[in-house]
Number of protein chains: 2
Amino acid sequence: MLGVLGGMGPMAAVDFMAKVVRNTPASRDQDHVRMVVCSAADIPDRTAAILGEGADPLPAMRDALRRLEAAGATRIAIPCNTAHHWHAALQAGTPLPILHIVDAVADTLAGPPGAAIGVPATSGTVRAGIYQSRLGLRGYACRIPDDAAQAEVMRAIRLVKAGRLPEATAILRREAEALAAAGCREVVMACTEIPVALAAADGPVRAGLVDATEALARSCVAACRPEAAPVAA
Amino acid sequence: MLGVLGGMGPMAAVDFMAKVVRNTPASRDQDHVRMVVCSAADIPDRTAAILGEGADPLPAMRDALRRLEAAGATRIAIPCNTAHHWHAALQAGTPLPILHIVDAVADTLAGPPGAAIGVPATSGTVRAGIYQSRLGLRGYACRIPDDAAQAEVMRAIRLVKAGRLPEATAILRREAEALAAAGCREVVMACTEIPVALAAADGPVRAGLVDATEALARSCVAACRPEAAPVAA
């Protein structure tokens, strides 16, 4: 049973679950992956913590993980890129395997090693170097928005959390296009709020967008389908 | 913490969670309702059981309820209308209050008592009389599709579960219009799969549609918001 440590933000967890369901070959309920999801919306802001401006979210994340263990989860996914700053700390506290979202993304990149990959993400994800370090191990060069563009990306992410999607979509499309114009053939939507706003994007920018949430969902389906053997109804 | 006994079907649970999030006044993650969701997709088919053609789903529902209790849920919602046939049996086995979807729907009906309410639903929900009995207590008269129309509604519900939304939308729109033409000013989408397919419906039929999933989500937000007091981030 897949355990989802979610709520960061709440709609991103919903988007992730929908992507797990849509990426599962199924013709009836019983074909689907069993999931237990803890949407712990009260987990303190991850970016604020990384920037030294807010409470440590690790205790609340550990609490959610304990609830998933109690409910019978057998492996864990975290649909929040920034939360992966605490991946190793969480993994050290549980025997359950925790999938890593950057590994899932790396498995879906089409470009050759050495290619520049655009990474719009939260300021916490950027500052913590979550993508730079782990994609670097796979031979990719991350390109991060400059300071002014990064401020715009953060503003758009907060707009998604507040339900103001059209404004967020306009900002994120502009920043994704800027990364593409700077030489990135692929741009990873490296915050779970970004695909919520860019789902409706069309035009040339769309082809090069890599959805980190979707990549994680596909990895989960591949990992869990053996447990999801059909049950007689 | 709201416990969601879901997975019947998997996308309906996702739709329900999205409606909880959207119906919560919030400007940041920490304003949202905390949820734990068990998407137990392997629960045997509810309609098949009620029609005497399939395995009893109650043991699997009780297992999911136990997982939600273990994870710390304090009240329970079941985003599956047909599963409410076992509402009393589930409630007898837990001290946690289980909201009832028909009560949530009744609270949102605009028509005066005595009004005819159209109820397209699974054949299990219809046969078990879930809406007829509980809406009847509130003074409403349920109108159920005739046998041929009921077969079409069931076919559309199975198409949603298989991800074939456009075909399902066409069928359900036709059946909702038929109930409206037969004198129902309000038509309850009384299977959680129906709003998934009818979300995009427009035209005159839209105004009279009551979304049972949305009604349950609103009841849950109203019940849970006192626990969702903002936490310092």
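So you know, we letter chains A, B, ... as the sequences are listed, proteins then strands, and number each from 1.
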**Asked** Between B:A64, B:G6, B:P10, B:P57, which has the largest tally of heavy atom pairs under 4.5 Å with chain A?
**Response**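 Highest number of heavy-atom pairs under 4.5 Å: B:P10.
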Specify the closest pair of heavy atoms between [X] and [Y], including all atoms of both residues, with the distance to one decimal.
X	Y	answer
A:A71	B:A71	CB-CB, 4.2 Å
B:M17	A:V37	CE-CG1, 4.4 Å
B:R34	A:A41	CG-N, 4.2 Å
B:M11	A:V21	CE-CG1, 3.8 Å
B:C38	A:M1	SG-CE, 4.2 Å
A:G72	B:R67	CA-NH1, 3.5 Å

**Asked** Nearest 0.5 Å, what's the CG-NE2 distance between B:D42 and A:H32?
**Response**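 Separation between the atoms: 12.0 Å.
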**Fill in**
The interface call for A:A18 against chain B, heavy-atom contacts under 4.5 Å, is both
